[in-house]
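Scroll down for the structure; my scribbles are underneath it.
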Amino acid sequence: MSEKPVVVLVHGAFAESASWNAVAAELAAAGVTALAVANPLRSLSGDAAYVRDVVASIGRPVILVGHSYGGQVITQAAAGEAAVKALVYVAAFTPDAGESALELSGKFEGSTLGGAVVPRPLTGGGVELSIEVPKFPQQFAADVDPAVAALMAVTQRPVTEAALTEGLAVGEPVWRTVPGFFIWGDADRNIPAEAMRWMAKRAEGRVQREIPGAGHALPVSQPAAVAATILEAVAAVS
């Protein structure tokens with residue numbers, strides 16, 4: 001058997017690294033080492049470069065796990081990285097060459113995110129987006145404990161509009177050549193479930209798991225199911 005991989009957890013827009021706490025606890029209980037990365041959320045290319053730096057520093061096989069926009073990031077970060085042995089997409093975008101998060105979220109009807117975000121102009125140009133605090137619980141975390149969702153709303157990290165509109169800059173995405181594992185909720189209001197079904201099928205995911213009634217914040221609301229999916233990836237490559 002090969003060396004057990006380290007699981008690198010990459011959050012997406014409107015979240016932060018502590019959103020993985022419950023998942024990391026489940027993995028630790030199973031004897032799996034995990035590291036939750038602070039995704040900069042500034043540009044797809046820059047965010048992916050940072051994740052690649054993290055991967056390079058580990059010196060062991062890695063499984064990349066991305067939530068939401070984090071799926072864009074891990075897909076680009078994995079390009080040409082021999083240490084990456086599997087990809088896990090948690091309510092996440094799974095782009096092909098040139099595809100952006102914004103493009104994929106609009107491919108199928110159902111997302112209500114556009115009506116919930118507010119822009120903040122940036123001194124250096126462009127804008128960053130956050131979800132209106134009163135709308136956050138229903139939009140992002142409808143199946144999370146209301147008190148927890150309220151805290152998530154005020155600790156959310158904005159993402160630049162540029163990051164969401166930047167296309168995947170690889171010739172061939174790594175999900176075509178390494179195992180992919182997918183989990184999402186059928187009540188997601190950020191990324192339509194139909195889109196995630198389509199992306200998982202296109203990538204021929206080894207696991208394609210849909211959680212009835214689950215919203216977008218799966219790492220918080222469904223940590224056991226998310227961890228189980230990651231552990232299937234660990235088992236497949238260990």
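It should be emphasised that the depicted structure is a prediction, and the values quoted were computed from it without experimental measurement.
- The hydrophobic clustering, which links ILVMFWY residues whose side-chain heavy atoms are closer than 4.5 Å, places V54 and V65 apart.
- With values rounded to the nearest 0.5 angstrom, L168 atom CG is found 6.5 Å from L44 atom CG.
- At least one donor-acceptor pair closer than 3.5 Å links the side chain of Q156 to the backbone N or O of A153.
- Cluster annotation: L35 and V62 are assigned to the same hydrophobic cluster (Ile/Leu/Val/Met/Phe/Trp/Tyr, side-chain heavy-atom contacts under 4.5 Å, transitive).
- E99 places a side-chain N or O within 3.5 Å of a backbone atom of D96 that can act as its donor or acceptor partner.
- A salt bridge is absent between K201 and E210: the closest approach of a Lys/Arg side-chain nitrogen to an acidic carboxylate oxygen does not fall below 4.0 angstrom.
- Considering every non-hydrogen atom in both P5 and V32, the closest pair reads O-CG1, 4.4 Å.
- With values rounded to the nearest 0.5 angstrom, T155 atom OG1 is found 7.0 Å from F136 atom CZ.
- To the nearest 0.5 Å, atom CD1 of residue I191 and atom OG of residue S111 are 8.0 Å apart.
- Using a distance-only test at 3.5 Å, with no hydrogens or angles considered, no donor-acceptor pair links the side chain of R52 to the main chain of D47.
- Using a 4.0 Å cut-off between charged nitrogen and carboxylate oxygen, R42 and E128 count as a salt-bridge pair.
- Q72 and L104 get closest at one heavy-atom pair: OE1-CD1, 3.5 Å.
- Under the 3.5 Å distance criterion, the side-chain polar atoms of E3 are left unmatched by any main-chain donor or acceptor of R60.
- None of W175, F181, W184 except one satisfies the side-chain contact (heavy atoms from CB on, under 4.5 Å) rule with Y89; the exception is W175.
- Cluster membership check: V73 shares its hydrophobic cluster with V6, using side-chain heavy-atom separations under 4.5 Å among Ile, Leu, Val, Met, Phe, Trp and Tyr.
- Minimum interatomic distance between G167 and Q76 (heavy atoms only, all atoms of both residues): O-OE1, 4.2 Å.
- Side-chain N or O atoms of D186 include one that pairs as donor or acceptor with a backbone N or O of G213 at under 3.5 Å.
- Under the 4.5 Å side-chain heavy-atom criterion for grouping Ile, Leu, Val, Met, Phe, Trp and Tyr, L64 is not connected to I183 through any hydrophobic cluster.
- Listed for the N39 side chain is no donor-acceptor partner under 3.5 Å among the backbone atoms of V10.
- Counting only distance, with no hydrogens or angles, the side chain of E16 and the backbone of A18 share a donor-acceptor pair below 3.5 Å.
- The aromatic rings of H67 and H216 are tilted relative to each other, their planes meeting at an angle between 30° and 60°.
- A chain of hydrophobic side-chain contacts below 4.5 Å, direct or via other Ile, Leu, Val, Met, Phe, Trp or Tyr residues, connects L218 to V7.
- Atoms OG and CG, from S43 and L164 in turn, are 11.5 Å apart once rounded to the nearest 0.5 Å.
- Distance alone, capped at 3.5 Å, places no donor-acceptor pair between the T75 side chain and the P95 backbone.
- For the atom pair CZ (F14) and OG (S19), the distance works out to 13.0 Å, reported to the nearest 0.5 Å.
- Put simply, the side chain of E103 never gets that close to the backbone of T165: no donor and acceptor are under 3.5 Å apart.
- Not one N or O on the side chain of Q138 forms a donor-acceptor pair closer than 3.5 Å with the backbone of K135.
- Under a 4.0 Å N-O distance rule, the pair R209/E232 qualifies as a salt bridge.
- Residues E132 and G115 come closest through the heavy atom pair OE2-O, 4.1 Å.
- Annotation: the span from F140 atom CZ to S221 atom OG amounts to 10.0 Å, rounded to 0.5 Å.
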